[in-house]
Amino acid sequence: MREIHVNQIVETVQKLCIEACCYLEDDVKKLLNKAYHEEKSELGKNILKQIQKNIHIAETETIPLCQDTGMAVVFLEIGQDVHITGGSLYHAINEGVRRGYELGFMRKSVLDPITRVNTRDNTPAVVHYNIVEGDRLKITVAPKGFGSENMSRLKMLKPSQGIEGVKEFVLDTVLKAAANPCPPIIVGVGIGGTMEKAALMAKQAILRDAGTPSSRPNIASLEKELLELINKSGIGPQGLGGTSTALAVHVETYPTHIAGLPVAVNIQCHVARHKQAIL
Amino acid sequence: MSKYKVLSLPCSTIELESLNIGEMVYITGTLITARDAAHKRMIELLKEGKALPINIKGQALYYVGPCPAKPGQVIGSCGPTTSSRMDVYTPTLLDLGLKIMIGKGQRDSSVIDAMVRNKAVYLAAIGGTGALLSKCVKKAKIIAFEDLGTEAIYSLTVENFPAIVAIDTKGNNLFNVGPAAFCKL
């Protein structure tokens, strides 16, 4: 049994929160640069240039890329041979979020859904636990802004609707979202499982290194087809018209029930934040 | 498409009428901030027959909830939020004299009708560029609803704040015209 103390988890989460909100990963930067060179709209090109300037300022001055520093979504892959010591794992994650958002001068956007009273420290985080083999702890922090989260959708399709129904639903979701999720976007799609499994897969799909195709050829070709379709929409950067509506489409699947075809679409804005550490 | 105009605030209705969709403007002057909670509270005050804590007439309203300022900073990251969440409140404010709105994303037809009726413009700031836009803010001061934290009403003094004319005083809408020009579906 390998021991990991909660203090180490607090420090790691704190650091990941700040880094995720201020330093964009190379995968997204690369796709934004490609979009800049390929964009057909002059105004769209201008917007993509401003987005690149913003990334540079945020990175050099450690300022949050976007004022919506999101709700902290934390994915844990806990090796089954790891023993967490010194306190509660859940509390350690939230303490890391609390410190990160305070020390990083990030916005505290989390509140009670009924009373709308702000918790003032951006906690609680949304934490997903997954037990895996090994003696390591992988922590992924993905702050999620709600401009794009609000545009996400889930539908329980009928099996008769098949893959065409899936494509239609994904495209319709992007068309309805239009300018709101700050295009160019990354589209995460979860197909199969149950209702909550589809939603979770859609979220996990946006955490994949942006633009990396699925390892399964039929899914990779579906991703490519959806991306081309979405980029024909004309929505463009910020929804003001152009050819760069999405930077990538990522699809995850899971076996489902004979009676169902769940599909979830999670939309991610161009400030696609995710940072990882392995303890 | 990409013509540049300088917009010094306050400005006349004639100047606003000269703006056309697709034009890039650089704003210098004072913006007032308000997002979801401040809008809700303003409309509640009006319903109760009470006065607003700010003078909305001729004003430019920026939909933003900034990050806290770091030491030495005027304001933290401060890009636009999604404007459509304010649509339900906006016609009332336009009828009270609101002239400029800055945010991101589409507006609904009730807002556009009220804009045409009152000769107002809607400018799109680039969502997700809060670090860049924070550099254009030279002064920031809370002027109302301080208890709302990031959702309080601020007065922002801005210089060369970039935005795009998205809906003009004639009701022309770049969120429809722009994508239509590139749509191949």
Side-chain angles (χ1 to χ4, degrees), chain A residues 21-22 40-47 50-51 53-59 61-69 102 104-109 116 118 120 145-147 150-151 171 175 177-183 229 231-243 245 269-271, chain B residues 1-4 21-24 36-37 40 64-73 75-85 103-107 124-135 147-151 162 164-166 174-185:
Chain A
C21 286
C22 301
K40 299 275 190 293
S41 151
E42 197 191 330
L43 180 63
K45 227 177 165 62
N46 194 335
I47 290 168
Q50 305 264 356
I51 287 172
K53 262 195 213 167
N54 183 66
I55 294 168
H56 180 73
I57 292 171
E59 178 171 276
E61 301 185 29
T62 314
I63 304 175
L65 287 144
C66 176
Q67 75 293 336
D68 185 356
T69 45
E102 191 55 41
F105 295 91
M106 275 133 50
R107 197 177 80 185
K108 288 80 178 173
S109 313
R116 309 299 294 179
N118 198 302
R120 299 202 171 268
F146 263 53
N150 277 340
M151 296 297 117
L171 183 64
L175 293 177
N180 287 351
C182 285
L229 201 58
N231 282 334
K232 279 185 191 161
S233 68
I235 293 169
Q238 295 294 304
L240 296 172
T243 50
T245 301
C269 64
H270 62 81
V271 185
Chain B
M1 275 298 251
S2 287
K3 279 186 272 171
Y4 295 84
I21 57 167
E23 289 172 335
M24 188 101 191
D36 308 61
K40 186 166 187 274
V64 61
C67 281
K70 280 167 74 163
Q73 249 186 338
I75 195 167
S77 194
C78 59
T81 194
T82 308
S83 309
S84 62
R85 292 196 316 272
K104 68 174 177 86
Q106 183 70 280
R107 307 308 302 264
I126 301 172
T129 62
L132 177 81
L133 293 171
S134 74
K135 300 286 175 189
D147 60 300
L148 294 179
T150 185
E151 295 203 65
I164 299 150
V165 182
L174 189 59
F175 288 103
N176 297 340
V177 177
F182 290 92
C183 182
K184 292 204 170 118
L185 286 175

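The analysis underlying the following values was restricted to heavy atoms, covering all of them including side chains, and did not include hydrogens, waters or symmetry mates. In this text, all values refer to a predicted model and were calculated from it rather than measured experimentally. Labels below follow one simple rule: chain letters A, B, ... track the order of the sequence lines, proteins then strands, and each chain is numbered from 1.
- With a 4.5 angstrom heavy-atom cutoff, Ala58(A) touches chain B via backbone and side-chain atoms both.
- When atom types are taken as modelled, the side chain of Ser77(B) and the backbone of Gln67(A) share a donor-acceptor pair closer than 3.5 angstrom.
- Contacts between Gln73(B) and chain A at a heavy-atom distance below 4.5 Å involve the side chain alone, from C-beta outward.
- Using a 4.5 Å cut-off between heavy atoms, Arg120(A) touches chain B through its side chain atoms alone.
- With a 4.5 angstrom heavy-atom cutoff, Ile55(A) does not touch chain B via any of its atoms.
- Lys45(A) pairs by the salt bridge (Lys or Arg N to Asp or Glu O under 4.0 Å) definition with nothing, not counting sequence neighbours.
- In terms of heavy-atom pairs under 4.5 Å with chain B, the best-connected choice from Val271(A), Asn180(A), Asn150(A) is Asn180(A).
- For the set Lys104(B), Gln106(B), Glu151(B), the count of heavy-atom pairs under 4.5 angstrom toward chain A peaks at Lys104(B).
- In terms of modelled atom types and a separation under 3.5 Å, the side chain of Lys108(A) and the main chain of Met106(A) share a donor-acceptor contact.
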Leu175(A) vs Leu185(B), side chain to side chain contact (heavy atoms under 4.5 Å, CB included): CA-CA, chis, key distance, verdict: CA-CA 11 Å; Leu175(A) 293 177; Leu185(B) 286 175; 4.2 Å; yes

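- Contacts between Ser233(A) and chain B at a heavy-atom distance below 4.5 Å involve backbone atoms as well as side-chain atoms.
- Side chain of Thr129(B) to main chain of Asn54(A): no donor-acceptor pair is present (N/O by atom type, distance under 3.5 Å, no hydrogens or angles).
- For Thr245(A) (side chain) and Gly236(A) (main-chain N/O), a donor-acceptor pair under 3.5 Å exists by modelled atom type.
- For a residue to count as touching a neighbouring chain, one of its non-hydrogen atoms must lie under 4.5 Å from one of that chain's; by this rule Ala69(B) touches chain A with the backbone only.
- Only the backbone of Asp147(B) comes within contact range of chain A, with heavy atoms under 4.5 Å apart.
- Remark: the backbone N or O of Arg107(B) is not paired with any side-chain donor or acceptor of Ser84(B) at under 3.5 angstrom.
- A donor-acceptor pair is defined here as one N or O able to donate and one able to accept, closer than 3.5 Å; such a pair exists between the side chain of Thr150(B) and the backbone of Pro66(B).
- Of the two parts of Thr62(A), the backbone and the side chain both hold a non-hydrogen atom closer than 4.5 Å to a non-hydrogen atom of chain B.
- Remark: the backbone N or O of Gln238(A) is not paired with any side-chain donor or acceptor of His270(A) at under 3.5 angstrom.
- Within the 4.5 angstrom heavy-atom criterion, no atom of Asp68(A) approaches chain B.
- Looking at Leu148(B), there are no atoms closer than 4.5 Å to chain A (heavy atoms on both sides), in backbone or side chain.
- Heavy-atom distances place both the backbone and the side chain of Ile51(A) under 4.5 Å from chain B.
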